Structures are given as structure tokens and as C-alpha cells.
Amino acid sequence: MPKKKIATVWLGGCSGCHMSLLDIDERILDVAQLADIVKCPIVDGKELPEVDITLVEGSVTSDEHLREILHIRAQSKTVIAMGDCAVTSNITGMRNYFNLKEVFDTAYVNAISNDTEGKVPNHIALLKLHEKVVPLQEVITVDFVIPGCPPNADTIFYVLYEFLNDRIPNLSEAKKLKYG
Amino acid sequence: MNTIKITINDTVYDIAINTTILEACKEVGIEVLTICHLEGVSNVGACRLCLVEVEGINKLLPACTTKVAANMVIRTQTEKIKKYQRITTELFFAERNHVCSVCVANGKCELQKLGYKVGMDHIRYPYLFPSCEVDTSHAWFVLDHNRCIMCTRCVRTCAEIEGAFNWDVMNRGNQVRIISDFNTPWGQSTTCTSCGKCLHACPTGAIWPKAIVQGQLEKKPEILKELVEKRKMNL
Ligand code: SF4
Ligand code: SF4
Ligand code: SF4
Ligand code: FES
């Protein structure tokens, strides 16, 4: 079997899912035998090349995330939503109960700060937050989901390893499913 | 005891008359998913998880509110039922805001367990993200509407076991809400005795004591049935 290419991407999430991914520990060597990790959040900002599998952490919160996830979809044979934020929007989606202005005001204007001006930053280089945070499935077709905040390392490894061996994983057993 | 013959999943059983399909299934060891059913209070058939197929009737019937009848042929595990159970569960999650990772009930929640049981890995419906209130006005307890699934177990427990009638239901559709007295803050209730029974009745993180933090909730709904049984013994 030729080596596969995998990527991991971090959108609107806390990086906790990537921490859990790292918790697969020495099993990363099993992954490395079957695949090259061609992109992850700690490599430089190269564009995502064509890959077999992309693990996506986090939800779509902004114009930048939207552009990124559409590109990821175009470049990846299999997109896996990793973690509750990617699957349900989870904690990142909690700002959806408020309108965007309230959210900005809470963070920048009304928050206690030594910046007395209380201005909302709007530099051209900054991403533009969307009014609502959405999970991946609302903007692209997702091939597989791993719920959990974060999912267990064992579950992440299981799913990845099955895909690397051209098998479809099965999370229906209760012991592998986890929310929160 | 008067019994009748019924068939559940291709096996014939003798079941006492006046038994619900749910009780009959329990008696013979067949698991039926439920969430609005609570041992010790009446059944209302609100959640539709316990739907079963009955031969000759072309709609699904709730096992908790349907009595067995002679020669009934019941099926509890068909593909159709499983499909509906999954849909129902997903709608519970999509309607209000269930963020398990920051919920007091995380790991101890009947709704979560239900999701695992029906194999729910994601929700196929768009989330409504309603803006829901959290009533913290009671000295010891919290009512978080974000997590409420309108099973009305609290309403029935408060009325039927405690006899206080603090809880009720207002509005319809997705505007439906549990209310304390006449929709006033729980802390101002003139009927609530602060007995805490609703807290144990509630299957989710919608009612909980202030003295706990995320994931620390312990609910013991079985004590409600025990209480009801013990009261009967004293009569
Ligand atoms: S699912 Fe949880 S751990 Fe993963 S990015 Fe979201 S908040 Fe962080
Ligand atoms: S009530 Fe249950 S399902 Fe809802 S957020 Fe809390 S733990 Fe999750
Ligand atoms: S507060 Fe709890 S017990 Fe009451 S209706 Fe809501 S989910 Fe059910
Ligand atoms: S348990 Fe029967 S309808 Fe809810």
C-alpha cells in the first residue's frame, strides 16, 4: 500500500482536540508507517496540498475559517470532524445565543481592562467573525465524525487507523461514543 | 390474577391485564428506551421514545401509556422504531442548547446515555440556538432552560409525590417552557417546599443544586419510586 497523506487542521477550537490527538503517544509510529503528516497547526503556513485524510478540529466562526474549510474539502478525499466543536459547534457555538455586537461589546468594550478606550479591533489583517458559529456539516460534506470534548485519544487513533487501512470505523458502540 | 396472552418480539407471554406494554416488557426483560417515563409518577407519553409496533395498527404506539390487550402482537426493535428513536433523540439535542462539555450533568445525564444507546454520533438537524433563561433565584437550586427537554418529570413529581404543584408548563411548540408558580422566579415561589425531588426527577442538567460544579451531579430518580412504595406500606 502506498503511504497515505494526512493533515490536521485547527479552526474555531481550543486546541484540546489536538492535545488529545497527541495523546495517542507512541502509536504515532503506527500512523507514521502508513502515512505522512503533511500539515498540522505547528508547521508553517503552507497551503494544504492534496491529501487522503484531514482531521479538522473546531467549528466555522469566520470568513477565514469558511475559506479554509472549503479549501480543505476540495483538497481532501476524507474529511473527519474531530471533536464536539467541529461536530456540533459546542462551546464555540455558545456565542450564538447573542448577537455579534453583544459579543464584541462584552469582550472589548464592557470587559474590565486597562485599555480605557474599549474599542473593538478591526484591522484589515484580522478575520471577520460570522454572525453565527456553525459546525462543519453546515458548510461542507463531512465524511466521518468523532464527537467528544475532546474525543479520547483511543477513539481518535482507532478512527484514524481504520481509515489508514481502508476500513470504515464504527463508533456505534457506546464505549466509543462520547459527548462533552 | 387475570392474565392474557400477548406476543412480544415473536415470543408469547402471559401478562396480567391492565398492564402497560412498557411494564410487560420490563417484566419479561425486554429493554424499551424511555425518558419521560419515571417510576413512581404517572405516564404522559411525552417523549415518544418508547414507541412500539402493534400488528394491525398502522401507527406506532407509546409503550408507557398503552395497555396490553389479548393476543396483541408487539414489536419493540424494528428498523422503523430504531429510526424514530434516533430522530427523536437528535431533535432533543437540536432544539435547545446542549453543551455537554460545560454541563453539570456531563457523564451523569440520561439524555447523553440515550444518545449513546441510539448510536448518535452527530445531529442531522440545524441547531435552533434559542436564547434560554437560567433561573438562579432559588436559594439552593437552579433551573436551566437550555438543558430542559420538556419531559415534565419535574411537574409530575412535584404534583403527585410532593403535592406542592410548583411546576407547570406554558406556551406551545418550541416556545414551551417549564414555569414555577405563575411564571415567576423559582426563588419567589409560594408553593415550592424546597424538597429537592424535582432535582432527582429531572433526567438532564436542567435542574440541579447550586452546591455542585460541572460533571459532579448525582441524581437518584429511583428514590422517588422507593418513597411512593414506602408510603403505600404505611397505609
Ligand atoms: S471539542 Fe472541546 S477540546 Fe476540542 S476544540 Fe472544541 S472545546 Fe476544545
Ligand atoms: S443535559 Fe445532558 S445532554 Fe444536555 S448538555 Fe447536559 S449532559 Fe449534555
Ligand atoms: S426541567 Fe428536567 S424534569 Fe422538568 S421538564 Fe425539563 S428536563 Fe424534564
Ligand atoms: S416513555 Fe413513553 S412516551 Fe416517553
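Just so we're clear, the structure is a prediction, and the values are computed from it rather than from any experiment. First the proteins, then the strands, lettered A, B, ... as listed; each starts at 1.
In this structure a side-chain-to-backbone donor-acceptor pair under 3.5 Å is missing from Gln188(B) to Pro185(B).
Among residue pairs with one or both ends in residues 121-143 of chain A, those qualifying as salt bridge (charged side-chain N to carboxylate O under 4.0 Å, His left out) are Arg73(A)-Asp143(A); sequence neighbours excluded.
For a residue to count as touching a neighbouring chain, one of its non-hydrogen atoms must lie under 4.5 Å from one of that chain's; by this rule Asn106(B) touches chain A with the side chain only.
Remark: Arg27(A) engages Asp154(A) in a salt bridge, criterion side-chain N to carboxylate O under 4.0 Å. For Glu226(B) and Lys220(B), the salt-bridge test fails: no basic side-chain N is under 4.0 Å from an acidic carboxylate O.
Scored by the side chain to side chain donor-acceptor pair (under 3.5 Å) test, Thr61(A) finds His65(A) as partners (sequence neighbours excluded). Annotation: side chain to side chain donor-acceptor pair (under 3.5 Å) contacts of Lys80(B) (sequence neighbours excluded): none.
If you tally non-hydrogen atom pairs under 4.5 Å between each of Val134(A), Val87(A), Thr88(A) and chain B, the highest count goes to Thr88(A).
Of residues 122-136 of chain B, those residues lying under 4.5 Å from chain A by any heavy-atom pair are His122(B), Ile123(B), Pro126(B), Tyr127(B), Phe129(B), Pro130(B), Ser131(B).
No side-chain heavy atom of Lys39(A) sits less than 4.5 Å from a side-chain heavy atom of Gln75(A).
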